[in-house]
Amino acid sequence: MKTVPDPAATAATAALERYRDQRVTAIHRLDLIARGATLSYEDGTPVDMASEKRRLEEMVADRDRRIAALERDLGLT
């Protein structure tokens with residue numbers, strides 16, 4: 001007999017992978033900022049890097065919380 005995967009668990013697993021990927025990307029961008037990278041909008045206006053750094057740090061913290069909650073829900077911790 002074939003078992004049907006739980007749609008909620010499948011969705012949670014997909015979300016977990018997405019949050020992990022987003023966290024890695026944000027950490028990479030924070031590293032680039034720490035090395036002195038600067039960004040500008042399409043019109044050439046510079047991005048406020050202090051604000052961007054703060055936004056990315058908040059994103060990492062949020063993803064850490066979401067990852068931990070999903071891992072608990074999925075029984076991975």
Rounded to the nearest 0.5 Å, how far apart are [atom1] of [X] and [atom2] of [Y]?
| X | Y | atom1 | atom2 | result |
| --- | --- | --- | --- | --- |
| Thr13 | Glu71 | OG1 | CD | 10.5 Å |
| Leu70 | Arg18 | CG | CZ | 9.0 Å |
| Thr77 | Ile67 | OG1 | CD1 | 12.0 Å |
| Glu58 | Lys53 | CD | NZ | 12.0 Å |

Ile33 side chain reached by Leu56 side chain, heavy atoms, under 4.5 Å | yes
Is [Y] reachable from [X] through a run of I, L, V, M, F, W or Y residues, each pair having side-chain heavy atoms under 4.5 Å apart?
| X | Y | result |
| --- | --- | --- |
| Leu30 | Leu39 | yes |
| Ile27 | Leu32 | no |
| Met49 | Val60 | yes |

Looking only at heavy atoms, which two atoms of Ala9 and Leu74 are closest? And how far apart?
-> O-CD2, 4.1 Å
Run the salt-bridge test on Arg20 and Glu17 with the 4.0 Å N-O cut-off and return the result as yes or no.
-> yes
Answer yes when Glu57 and Arg54 have at least one side-chain N-carboxylate O distance shorter than 4.0 Å, and no when they do not.
-> no
Pair Arg63, Tyr19: side-chain N/O donor-acceptor within cut-off below 3.5 Å = no
Listed by chain and number, what are the salt bridge (Lys or Arg N to Asp or Glu O under 4.0 Å) partners of Arg23, not counting sequence neighbours?
-> Asp64
